[in-house]
Amino acid sequence: MDKRQVIHAYRSGIISIQECAQILGLDSRQLPNLMSQMAVKAERETGKRFVNS
């Protein structure tokens with residue numbers, strides 16, 4: 001399953017943080033860091049698209 005889908009399910013309240021961590025194979029304390037890294041990556045990719053357009 002895609003990490004983004006699992007995190008979206010967590011943010012939507014469909015699964016708990018513990019379930020999210022278990023699906024991703026992480027400790028629940030690692031999730032905030034992972035989510036912030038994914039947000040930064042998404043911002044960079046979005047910024048690149050606008051620059052290249």
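If you're wondering where the values come from, they're calculated on a predicted model, not measured in any experiment.
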Ser16 backbone acceptor or donor facing Glu19 side chain under 3.5 Å: yes

Reported [atom1]-to-[atom2] distance for the pair [X] and [Y], which is rounded to 0.5 angstrom:
X     : Y     : atom1 : atom2 : result
Gln5  : Ser12 : CD    : OG    : 11.5 Å
Gln22 : Ile15 : CD    : CD1   : 10.0 Å
Met38 : Ile7  : CE    : CD1   : 4.0 Å
Cys20 : Ile14 : SG    : CD1   : 11.0 Å

Residue pairs, two or more places apart or on separate chains, that pass salt bridge (charged side-chain N to carboxylate O under 4.0 Å, His left out) and touch residues 32-42: none

Residues 23-30, side-chain donor-acceptor partners within the protein, below 3.5 Å, at least two apart:
unit_1: Asp27; atom_1: OD1; unit_2: Arg29; atom_2: N; d: 2.9
unit_1: Asp27; atom_1: OD1; unit_2: Arg29; atom_2: NE; d: 2.9
unit_1: Asp27; atom_1: OD2; unit_2: Arg29; atom_2: NH2; d: 3.2
unit_1: Gln30; atom_1: OE1; unit_2: Asp27; atom_2: N; d: 2.8

Residues that Asp2 engages under side chain to side chain donor-acceptor pair (under 3.5 Å), provided they are two or more places apart: Arg4

